[in-house]
Novice: 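Here it is, the structure, as structure tokens.
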Protein chains: 2
Amino acid sequence: MSRRERLRAQTSAEIKAIALKLMGDGGPDAISLRAIAREMGMTAGAIYSYFPTRDDLITALVGDVYTAAVEAAESARDAVPDSDTGGRVLAWAQAMREWALANPEGFRLIYGDPVPGYRPPGDGPGREAELRACSGLIGLVAEAWPTARTLQPEGRDYDWAGFDAGLAAHVREDFPGLPPAAVALTLRVWGRMHGLVALEIYGHLSGLIHDPGAVYRDEMHDLIASLGLNA
Amino acid sequence: MSRRERLRAQTSAEIKAIALKLMGDGGPDAISLRAIAREMGMTAGAIYSYFPTRDDLITALVGDVYTAAVEAAESARDAVPDSDTGGRVLAWAQAMREWALANPEGFRLIYGDPVPGYRPPGDGPGREAELRACSGLIGLVAEAWPTARTLQPEGRDYDWAGFDAGLAAHVREDFPGLPPAAVALTLRVWGRMHGLVALEIYGHLSGLIHDPGAVYRDEMHDLIASLGLNA
DNA sequence: TGATTTACTACACGCCGTTCAAAGTCAGCA
DNA sequence: TGCTGACTTTGAACGGCGTGTAGTAAATCA
């Protein structure tokens, strides 16, 4: 790596770091190229040497932030012994909520409109982190599948063709024998973990109940029970 | 109502109508005072006679849009006979999802950051619609409470003090005898209905599964079953 | 050394929300 | 009828935004 490349990587990292700091201070809207440049003693135009457009910077940030969130969830899960699947699910869920509460701007960046009009790209580090999160959840559901399968609706039969081809290939490689219905169940689990947190982060619970965490805890315990586990 | 007041109300309504149209065309970010004024053949400054700031206009819009969504859910629910509580819950859930898919910008306006930095006020028509939605859901949970209560976690005891005073008073008047735990359960139901729809609207499911509706349907059937009902 | 690639500045463009003085409009009263 | 006072609208301005483009200086390479 030449001196040039090193400097370039360093500046690029500094841009992202400052963007995250600005986001932490003043929300996702505070991420303006001009503000970043101001903080770095540069001009706004200079950033275009590193990120062709503002959305590309956002995309890079989403990747970093999402990766951090997934790593928090993974390490919380791994702190619970393999035998306690219910505890691992709960740890994942609680870690996700706590991360969201600690980084509400990050949550908005990933799960909301970071900037109105911004559309996440179909690939890149953000997509990778999303697949990693999905994979982590599928792993948990796979652990629970033997007990959970009796709860599946019998009428519907899922088919691998109904899923994204890349995801399907991934799952079939990592979890051989796991049926597509388990992936569908994973999405439901994801939705269930996501719903209350999204409502809370966007302020829809604060005016109704004083301790949303208790409700979330109950919901997660019910989820775990519905998977045939106990926490 | 004097001629002046009539004109004023008319112009105010036109501003909101155009804002909704712009939102439908180009997302929430397309709601700019200048664009609205342009469309109306006015100047941007003139709008300040009607809405003191852009956020106040947004707040008014949120109220309108939220009310429309709630009315859609209510009428879907009321199209199912009282005796079929499970069907009423399902109708509400499906109506909410379908409304969100038909009005993604509206969904973002209510449940996301319409504009980065915008914070919904503690009262006003938006809050009213939110309470109305909450009330509708509480009604459904109240219908299901006799069968659902066995599913409540026994360790935790909710207290009216844990809830917003206004909400608590409202519930105790409309649903006498309903315990606070039922309200907590309602929030969980809300979160469960919200989660998958939020993920879908913000594009997190489209890259994973082709028919998110099927997953949502399964999830709602499971929710209804967990309430001790059948759909 | 000279040629080329790269990083950056400076400036321009058109968008935005917001403010404000001045001009226009109109109901109600003398 | 004419006048007054309240309301509405204009038009210009301010500062901020993302985005391009032209030019400059430095680092790199042959």
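Here is the naming used below: chain letters follow the sequence lines, and residue numbers restart at 1 for every chain.
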Novice: Take atom CZ of B:Arg8 and atom P of C:dC26, then tell me their distance rounded to the nearest Å.
Specialist: 16 Å
Novice: Let me see the working for A:Arg127 and A:Asp164 under salt bridge (Lys or Arg N to Asp or Glu O under 4.0 Å), right down to the final yes or no.
Specialist: CA-CA 13 Å; A:Arg127 170 72 176 170; A:Asp164 172 71; 3.3 Å; yes
Novice: Would you mind reading off the distance between A:Leu22 atom CG and D:dG18 atom P, rounded to a whole angstrom?
Specialist: 11 Å
Novice: Rounding to an integer number of Å, can you tell me how far B:Ile36 CD1 sits from C:dG17 C1'?
Specialist: 12 Å
Novice: Which nucleotide sits closest to the side chain of A:Thr43: C:dA7, C:dA10, D:dC17?
Specialist: C:dA10
Novice: Using whole Å, what does the distance between atom P of nucleotide C:dG14 and atom CG of B:Leu33 come to?
Specialist: 21 Å
Novice: Can you check the B:Glu39 CD to C:dC16 P distance for me, whole Å?
Specialist: 12 Å
Novice: Please step through side-chain contact (heavy atoms from CB on, under 4.5 Å) for the pair B:Glu219 and B:Met193, ending with a clear verdict.
Specialist: CA-CA 8 Å; B:Glu219 176 68 0; B:Met193 289 180 174; over 6 Å; no
Novice: Among D:dT19, D:dC17, D:dT10, which is the nearest nucleotide to the side chain of B:Ala46?
Specialist: D:dT10
Novice: Respond yes when some side-chain nitrogen or oxygen of A:Arg38 is under 4.0 Å from OP1 or OP2 of D:dC17, and no when none is.
Specialist: yes
Novice: Return the nearest nucleotide to the side chain of B:Met42; candidates are C:dA7, C:dC15, D:dT10.
Specialist: D:dT10
Novice: Expressed as a whole number of angstroms, how long is the span from A:Ile47:CD1 to D:dG20:C1'?
Specialist: 15 Å
Novice: State which of C:dA7, D:dT19, C:dT18 makes the closest approach to the side chain of A:Arg54.
Specialist: D:dT19
Novice: Nearest nucleotide by nearest heavy atom, which residue falls closer to the 5' end of DNA chain C, A:Gly45 or A:Arg34?
Specialist: A:Gly45
Novice: Using atom CG of B:Leu57 as one end and atom C1' of C:dC16 as the other, report the distance to the nearest whole Å.
Specialist: 14 Å
Novice: What I'd like to find out is whether the side chain of A:Trp190 reaches to under 4.5 Å of the side chain of A:Val141, using heavy atoms alone.
Specialist: no
Novice: Tell me what B:Tyr50 touches on the nucleic acid: a base, only sugar-phosphate, or nothing, going by heavy atoms under 4.0 Å.
Specialist: sugar-phosphate
Novice: Check every atom of D:dT8, C:dG17, C:dC16 against the side chain of B:Ser49 and return the nucleotide holding the closest atom.
Specialist: D:dT8
Novice: Kindly say whether the aromatic ring centers of A:Phe107 and A:His194 come within a distance under 6.0 Å.
Specialist: yes
Novice: Flag the pair B:Tyr111 / A:His204 as yes when their ring centroid distance falls below 6.0 Å, and as no otherwise.
Specialist: yes
Novice: Can you tell me the distance, in whole Å, between the CD1 atom of A:Ile31 and the P atom of D:dG16?
Specialist: 19 Å
Novice: Kindly point out which of C:dC16, D:dC17, C:dC8 is positioned nearest to the side chain of A:Ser32?
Specialist: D:dC17
Novice: Need one value for A:Thr11: base, sugar-phosphate or nothing, where a base atom within 4.0 Å counts as base even if backbone is also close, heavy atoms only.
Specialist: nothing
Novice: Base, sugar-phosphate alone, or nothing: which one does A:Tyr48 contact when heavy atoms must sit under 4.0 Å apart?
Specialist: base
